[in-house]
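Structure first, commentary second.
The basis for the numbers below is simple: all heavy atoms, side chains too, and nothing from hydrogens, waters or symmetry mates.
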Amino acid sequence: MRSGDWDAAWAISDTVLQARAGTTDWHRPRHLQAVWDGTAPAGRRVLVRCYHGLGDTIQFIRFVPQLQAIAAEVTVWAQPALLPLIGTLPGIGRLLPLHDGTPEAAFDVDIEVMELAHLFRPTPSTLPAQVPYLHPGRAARRSRDCLAVGLVWQAGAWDDSRSVPIALLRPLSEIPGVTLHILQRGAAAPGFGLASGADDILQAARMMTTLDLIVSVDSMPAHLAGALGLPVWTLLTHRADWRWMEGREDSPWYPTMRLLRQPGPGDWGAVVARLCRDLRALAAAHSLHSAPDNQDHAGS
């Protein structure tokens, strides 16, 4: 998957699936469980379990309309916080809130949302990547002279290496023509920028639609911005997760996403330096574009 040979990855997945035939691993944590047994979903009732993180659900929920087109019925058992948002996906089917018990649904085929990729076997060129595929509605957007940039610097505690030390990001507040909107939740206030985040994900999505750019580490808000078809710059570690592949500054998953990678392990300084340089250039272009005609033609 990293190198772009997804066909080879699906062949490996086939071998793994065959090797565990007739066995289950329900004793493992949910995010480590393999659910699908290879049963074809065509003409059957299918339960899609969302056992991974919020960002994973947002990324892989794109496959549900394909599933809906061949299945007799689709039920998506997803994180309660995501239900209002993923309910805006055309063709989502029936939604149920995920909990610690068993689903209140009858089904013939069981599959985890990330296993949908194995089922449909996309390649980087055939991946369903039309954006936006989530439609939360857009908040009113006011005209402004400054570039409005949303910022998320801290990833989940399970992998703190994805987080950027907030002290390194302070130079962003000094870039002329940029207004920072702090989208980060659950972290200490940075002392700069406007608090613009929301605990409600649907509300956060609508807020994002009012911004010119989202800058985020590898976390749920990056996936959300990508799924909304918004400009997003994602800050990645040197050995980033497989889904971001290798040697690319773009992503086949999200056409509006740009990837900024560490040049070496732990080198956030180089990433932030590049981020500041590119934001200065973008803010200058934005200022020129938004200048009144009488200023654009001053002295003519």
Short N-O contact, Glu246 and Arg239, less than 4.0 angstrom
yes
side-chain contact (heavy atoms from CB on, under 4.5 Å) for Leu134 and Leu85? Distances and angles first, verdict last.
CA-CA 7 Å; Leu134 299 177; Leu85 176 70; 3.8 Å; yes
Under 4.0 Å between a Lys/Arg side-chain N and an Asp/Glu carboxylate O for Glu249 and Arg274?
yes
Contacts of Phe63 meeting ring-ring contact (aromatic ring centres under 6.0 Å, His included) (sequence neighbours excluded), chain-then-number -> none
If you look only at pairs with a residue in residues 60-76, which of them pass as a side chain to side chain donor-acceptor pair (under 3.5 Å), with sequence neighbours excluded?
Arg62-Tyr133
By the ring-ring contact (aromatic ring centres under 6.0 Å, His included) test, which pairs, at least two apart or in different chains, include something from residues 11-42?
Trp36-His118
Is it true that Asp218 and Arg243 have a side-chain N and a carboxylate O under 4.0 angstrom from each other?
no
We want to know whether Ser196 and His181 form a side-chain donor-acceptor pair, criterion being a heavy-atom distance below 3.5 angstrom.
yes
Leu236 side chain reached by Arg162 side chain, heavy atoms, under 4.5 Å:
no
Show every ring-ring contact (aromatic ring centres under 6.0 Å, His included) that has at least one partner inside residues 64-112, sequence neighbours left out.
Trp77-His99
Strictly by ring-ring contact (aromatic ring centres under 6.0 Å, His included), give each pair with a member in residues 207-229 just once, sequence neighbours left out.
His223-Trp244, His223-Tyr254
Does any donor atom in the side chain of Ser161 or Asp159 lie under 3.5 Å from an acceptor atom in the other side chain?
yes
Under the ring-ring contact (aromatic ring centres under 6.0 Å, His included) test, which residues partner Trp6, sequence neighbours left out?
Trp253
For Asp267, is there an ion pair with Arg261 - N to carboxylate O distance below 4.0 angstrom?
no
Do Thr88 side-chain atoms and His135 backbone N/O form a donor-acceptor pair below 3.5 Å?
yes
Heavy-atom check, side chain of Arg49 versus side chain of Pro103, under 4.5 Å
yes
Which heavy atom of Ala155 sits nearest to which heavy atom of Ser163, and what is that distance?
N-OG, 2.8 Å
